[in-house]
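Every chain is numbered from 1 and lettered A, B, ... according to where its sequence line falls, protein lines coming before strand lines.
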Amino acid sequence: MSDEVLYRFTPHSDGAFVRGVPQRDLTKADVDRMTGQQRADAFAPHPVYGVPLYTEVKAKAAASAVKKDGDA
Amino acid sequence: MTVPVGPPNLAQLYRCQTGVEVARGTKVTKTNRWYGMLALQRRHALADSEEYSGTFFGDLTPVRGPAIVDGTYAQLMTYEDPHLLRYAMAGGISAVDDGNSTHGYTYTFRHSGSRDDLDTFSAEYGDPIMIFESEACFFPEFTISGDIDDPQGAWKWNSRVIGIRKELKAVLEDVAGTGGSTTTFVKSAWGQTIDALIGRWMHIKSATQATIDELWREVLDNDATSLTFTALPATMTSGDVIDLYPAFTSGISDRTRETIKGPGTKLYIDAHGGTIGTNQVTGRFISFSVTSQLNASFKRFMENVDELSSRVDRGMVRVTGQLRLEFDRRYEWDKYTDLGAVLLRIKQEGSTIDTGAGTKKAATIDIYEAVFDDPVMDRRGNNNTVTIPFRGYMDEAGQAVPMQIAIKNTQSTLLA
């Protein structure tokens with residue numbers, strides 16, 4: 001399962017990268033190795049381009065909804 | 001991996017991110033990452049006051065002087081960092097496209113003779129988790145230099161920076177949880193933006209389980225009501241209180257950059273009235289520096305309590321510099337004694353942009369009316385050398401400015 005791609009590499013500008021993160025699609029093993037700051041840089045939308053450098057394959061909204069149900 | 005104790009607090013993790021301001025002094029979202037060191041100081045020092053109480057103790061009532069925010073910024077120059085000049089020479093600059101198959105874009109900067117047209121930037125800078133923010137920042141003075149003997153074989157940028165405030169980025173304080181686990185903190189109806197808290201550091205201020213009290217964890221994920229982090233030794237429970245320290249603005253990726261190398265830099269000296277960039281100085285050129293001074297500062301008024309006004313006090317623009325050459329020609333000495341002006345061009349080229357058109361990344365500094373000042377003779381190894389200062393005068397009959405700096409790269413827009 002660790003080979004399953006969780007995030008697609010979707011560069012929004014020429015030469016964009018996050019230091020220490022492979023410039024390719026990311027598996028769970030790749031993500032597990034990333035620090036919180038690297039995740040913030042890689043997975044949050046760029047403030048100018050509006051899209052992240054790595055796009056999540058499975059949207060988090062559904063998982064979040066499940067968690068919220070559990071919280072309530 | 002063994003979980004480290006506490007937040008990193010390591011100087012090497014320093015980071016600087018910036019955004020170009022729309023209104024001078026109004027904070028904007030950071031959109032770009034800089035790779036140099038922005039070192040801004042806030043000085044709001046205690047002032048002496050003459051008070052007497054019949055004792056030897058004279059410090060009775062604390063009072064401060066006016067606030068000042070200033071400092072420095074330094075980095076090795078790259079072809080991808082022309083945005084530095086929007087805060088030092090002229091803002092609002094657009095690229096000129098060369099129209100080749102692989103496009104090259106040139107950014108040309110000149111001081112305005114009569115308008116305050118500088119851009120200013122908002123910045124966040126520091127080490128995790130102590131991140132400072134400043135606004136209305138620009139460079140009232142900068143120096144670009146290069147030296148073939150420098151162990152760092154690159155053009156260097158050194159500048160003063162001024163701004164109007166310096167504050168620590170806000171913390172989410174005293175957040176009381178409603179539940180959790182060893183890897184989650186839950187607060188019902190919290191309403192956080194999904195993923196917006198990733199990278200922040202959580203400090204457990206008080207916890208029911210004593211073994212997790214005062215521990216820190218980096219947030220690895222979040223949704224609207226919960227944080228996820230590396231496992232704690234005990235479970236977080238309802239009523240546990242955390243502080244959530246700030247992280248740098250997320251989503252800003254790194255940029256590929258190409259250093260402007262020192263070796264290979266060309267110097268051209270031509271007679272004033274001739275064509276700039278014609279006569280290259282070879283076999284003698286050792287080092288250069290070019291300095292621009294705006295003589296600018298921020299004003300202050302009575303309503304400015306803990307910061308400066310965003311109104312800028314501007315003075316005379318002055319361009320100076322110096323060249324170091326082997327002292328084996330009399331041309332520069334003669335120009336010095338005659339008060340004769342020359343055209344100076346300092347140029348370096350980088351990698352190829354378009355192979356067919358033969359275009360390359362480039363950085364060019366042109367001084368349109370350089371007049372030499374008192375030279376200093378010295379030695380380099382066994383050779384006699386001369387360091388010749390110059391001042392760039394306003395080229396009234398020609399370019400109407402003392403200096404122009406042009407940088408060509410492959411970026412279609414100027415970064416913040």
Side-chain angles (χ1 to χ4, degrees), chain A residues 2 4-72, chain B residues 1 8 13 15 17 19-20 28-33 35 80 128-129 178-180 184 186-190 192-202 217-230 247-258 409-413 415-416:
Chain A
S2 65
E4 182 190 357
V5 171
L6 297 187
Y7 289 87
R8 297 272 179 217
F9 183 48
T10 51
H12 40 57
S13 57
D14 265 359
F17 68 102
V18 172
R19 209 165 292 280
V21 180
Q23 294 176 62
R24 54 165 170 74
D25 296 346
L26 300 179
T27 63
K28 183 176 185 305
D30 294 323
V31 175
D32 286 345
R33 278 192 290 269
M34 292 167 67
T35 65
Q37 186 64 63
Q38 285 174 324
R39 295 176 194 214
D41 294 337
F43 303 151
H46 190 284
V48 172
Y49 305 109
V51 291
L53 194 60
Y54 296 85
T55 306
E56 194 168 11
V57 173
K58 192 161 53 178
K60 188 174 285 176
S64 175
V66 170
K67 190 177 284 183
K68 269 198 278 190
D69 290 341
D71 294 343
Chain B
M1 182 188 80
L13 297 181
R15 180 183 282 204
Q17 297 188 153
V20 62
V28 294
T29 302
K30 313 321 180 266
T31 59
N32 190 21
R33 183 171 304 163
Y35 293 88
E80 283 70 30
I129 53 177
T178 57
T184 59
V186 176
K187 179 178 170 58
S188 299
W190 199 5
Q192 294 298 319
T193 303
I194 291 171
D195 291 348
L197 303 178
I198 296 175
R200 288 188 171 213
W201 281 81
M202 175 187 78
R217 284 293 183 273
E218 187 180 24
V219 177
L220 298 176
D221 203 357
N222 82 277
D223 62 16
T225 58
S226 70
L227 310 175
T228 302
F229 38 79
T230 306
F248 290 97
T249 301
S250 59
I252 302 176
S253 45
D254 286 292
R255 300 180 281 119
T256 302
R257 298 166 303 133
E258 180 179 342
N409 61 26
T410 58
Q411 297 169 341
S412 59
T413 55
L415 301 177

Legend entry - Side-chain donor or acceptor of A:Gln37 paired with backbone N/O of B:Glu218 under 3.5 Å: no

For [X] and [Y], which heavy atoms make the closest approach, and how far apart are they?
X        : Y        : value
A:Thr35  : B:Leu220 : C-CD2, 4.4 Å
B:Thr249 : A:Asp41  : O-OD1, 4.4 Å
B:Thr31  : A:Pro47  : CA-CG, 3.9 Å

Inset, instruction - Report, as yes or no, whether the 6.0 Å neighbourhood of atom CG on A:Asp32 holds more than 12 heavy atoms from other residues, nucleotides or ligands. - result: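 Result for CG/A:Asp32: enclosed.
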
Inset, instruction - Can you tell which part of A:Ala16 gets under 4.5 Å to a heavy atom of chain B, answering side chain, backbone, both or neither? - result: both

Inset, instruction - Below 4.5 Å from any heavy atom of chain B, which atoms of A:Pro45 appear? Answer side chain, backbone, both or neither. - result: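 Only the backbone of A:Pro45 comes within 4.5 Å of chain B.
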
Legend entry - Best-contacting candidate, A:Val18, A:Leu53, A:Val51, against chain B by heavy atom pairs under 4.5 angstrom: A:Val18

Legend entry - Engaged part of B:Arg200 at the chain A interface, taking heavy atoms whose separation is under 4.5 Å: neither

Legend entry - Segment of B:Phe248 engaging chain A (4.5 angstrom heavy-atom cut-off): both

Rounded to the nearest 0.5 Å, what's the gap from [atom1] on [X] to [atom2] on [Y]? Could you check?
X        : Y        : atom1 : atom2 : value
B:Ser253 : A:Arg19  : OG    : CZ    : 11.0 Å
A:Phe43  : B:Asp195 : CZ    : CG    : 9.0 Å
A:Arg39  : B:Asn222 : CZ    : CG    : 12.0 Å

Inset, instruction - Look at B:Asp254, B:Asn32, B:Thr256 and state which one has the largest set of heavy-atom pairs under 4.5 Å with chain A. - result: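 If we count pairs closer than 4.5 Å to chain A, B:Asp254 comes out on top.
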
